[in-house]
Amino acid sequence: MIFAANFKTNHTRKSTREYLEVLTQKVVDSACKDAVYVFPPATALDRFETPIVIGAQNAYPTTNGAYTGEIGTEQLDEFGIKTILIGHSERREILHESQEIVAEKFAFFKERGFEIIYCIGEPLEVREQGDEAVIEYLLAQFEGIDTSYEKLIVAYEPIWAIGTGRSATVEEIASTHKALRQSVEKPLLYGGSAKPANIREIIGIDNVDGVLVGSASLDPESFFEMISA
Ligand code: PGA
């Protein structure tokens with residue numbers, strides 16, 4: 001199983017280091033065989049002595065240059081970061097990243113051999129139209145994306161379930177992942193209010209290979225409770 005923690009705009013450089021010390025200890029002591037990823041904010045990226053994979057939540061498709069406020073691979077290379085989240089709904093919606101920009105980022109980081117966790121997800125009004133509309137919407141988010149890329153992991157995150165405390169139901173996750181599996185033969189994560197209370201039922205669903213966790217990952221105890229479930 002894959003367990004990925006997306007800190008979003010939470011944690012500092014100091015608290016990320018403390019978090020990783022606690023989580024690393026637990027992961028090592030439990031001889032955990034799952035793949036564990038942590039995506040801290042850019043200011044907390046660093047080299048850490050840990051089996052946990054550290055990834056970037058975002059970067060601009062450039063090595064360096066004049067892109068005020070952005071980071072490129074020069075800044076990621078400093079810490080040996082080779083994993084990135086692309087297409088998160090918060091970047092699509094709040095930061096207005098179009099499918100074109102998302103695809104451009106994907107191509108850039110693929111070209112450089114990054115492992116990519118590529119996020120897709122539908123808004124509530126699409127979910128309310130039923131399964132067929134959901135799949136059509138999700139498949140459109142693969143436009144311009146090489147789904148055969150060997151270092152691709154896909155995260156299905158229904159927007160209405162992110163940060164709301166309301167996860168998708170087992171049936172919704174099962175039918176969506178089953179349909180996605182027919183188009184994409186890559187590990188499929190579920191994300192959206194995954195937490196210790198529902199992790200067992202989520203990871204027990206067919207075609208779910210792991211979870212991408214926001215809120216419930218911010219505390220290392222809670223995140224590890226999910227990993228050890
Ligand atoms: P959440 O966020 O776990 O807080 O719902 C998930 C995500 O956005 O990756």
Side-chain angles (χ1 to χ4, degrees), residues 1-11 15-16 19 23 34-42 44-45 52-59 81 83-97 102 105-106 109 114-124 126-127 134 137-138 141-142 145 152-170 172-173 176-177 180 184 186-205 208-229:
M1 283 283 156
I2 297 168
F3 292 87
N6 175 10
F7 285 0
K8 309 188 180 182
T9 318
N10 300 290
H11 278 301
S15 69
T16 297
Y19 179 106
L23 188 63
D34 299 297
V36 182
Y37 293 72
V38 171
F39 294 85
L45 292 177
I52 296 162
V53 179
I54 307 299
Q57 292 176 23
N58 175 52
I81 307 287
T83 303
I84 188 164
L85 284 183
I86 295 180
H88 193 282
S89 61
E90 285 151 14
R91 295 210 58 88
R92 292 182 192 260
E93 305 243 304
I94 305 170
L95 283 307
H96 307 293
E97 280 189 10
V102 167
K105 284 190 181 183
F106 189 97
F109 288 99
F114 275 65
E115 182 173 28
I116 298 173
I117 298 192
Y118 183 68
C119 308
I120 56 172
E122 84 286 357
L124 188 56
V126 172
R127 173 52 72 182
V134 169
Y137 188 94
L138 296 177
Q141 293 186 318
F142 285 115
I145 302 299
L152 167 64
I153 296 172
V154 171
Y156 166 57
E157 301 199 298
I159 297 172
W160 46 272
I162 295 178
T164 57
R166 175 191 159 193
S167 162
T169 64
V170 168
E172 286 164 335
I173 300 171
T176 310
H177 277 234
L180 286 173
V184 193
K186 296 291 163 185
L188 291 176
L189 312 185
Y190 167 77
S193 298
K195 52 194 167 203
N198 60 20
I199 190 66
R200 276 173 194 279
E201 62 178 23
I202 291 173
I203 60 178
I205 301 170
V208 170
D209 303 301
V211 281
L212 178 55
V213 190
S215 327
S217 76
L218 296 179
D219 169 28
E221 307 287 341
S222 153
F223 189 46
F224 186 71
E225 198 181 326
M226 297 176 76
I227 297 169
S228 55

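Order of appearance sets the numbers: ligands from 1, and atoms from 1 within every ligand.
For a threshold of 3.5 Å applied to N or O pairs, the pair formed by Ala216 and ligand 1 contains no separation below that value.
The closest non-hydrogen atom to atom 2 (O) of ligand 1, taken over Glu157, Lys8, Arg166, comes from Lys8. By heavy-atom distance, the residue among Ser217, Ala4, Gly214 lying nearest atom 1 (P) of ligand 1 is Gly214.
In the model, Glu172 has no side-chain atom that pairs as donor or acceptor with a side-chain atom of Tyr156 under 3.5 Å. Looking only at atom types and distance, the side chain of His88 has no donor-acceptor partner in the side chain of Glu97 under 3.5 Å away. A donor-acceptor contact closer than 3.5 angstrom links the side chains of Tyr37 and Glu115.
Distances below 4.0 Å separate heavy atoms of Ser215 from the following atoms of ligand 1: 1 (P), 3 (O), 4 (O). With ligand atoms numbered from 1 in the order given, ligand 1 contributes 9 (O) to contacts under 4.0 Å with heavy atoms of Asn6. Residue Gly163 approaches ligand 1 through these ligand atoms, each under 4.0 Å from one of its heavy atoms: 1 (P), 4 (O), 5 (O). Taking a cut-off of under 4.0 Å to the non-hydrogen atoms of Gly192, the atoms of ligand 1 that pass are 5 (O). Of all the atoms in ligand 1, the ones that sit under 4.0 Å from a non-hydrogen atom of Ser193 are 1 (P), 3 (O), 5 (O).
Residue contacts with ligand 1 leave out Gly191, since none of its heavy atoms falls under 4.0 Å from the ligand. The shell of residues lying under 4.0 angstrom from ligand 1, judged by heavy atoms, includes Ala161.
Contact annotation: for Ile162 versus ligand 1, heavy atoms closer than 4.0 Å belong to both the backbone and the side chain. Of the heavy atoms in Lys195, none comes closer than 4.0 Å to ligand 1.
In this structure, Phe224 has its ring center no closer than 6.0 Å to that of Phe3.
The line from CD1 of Ile205 to OG1 of Thr176 is 9.5 Å long, rounded to the nearest 0.5 Å.
Ring geometry, Phe106 versus Tyr118: the interplanar angle exceeds 60°, so the pair is classed perpendicular (tilted spans 30 to 60°). Below 30°, between 30° and 60°, or above 60°: for Phe109 and Phe114 the angle between ring planes is above 60°, a perpendicular geometry.
Between Val213 and Phe223, the shortest heavy-atom contact is CG2-CE1, 4.0 Å.
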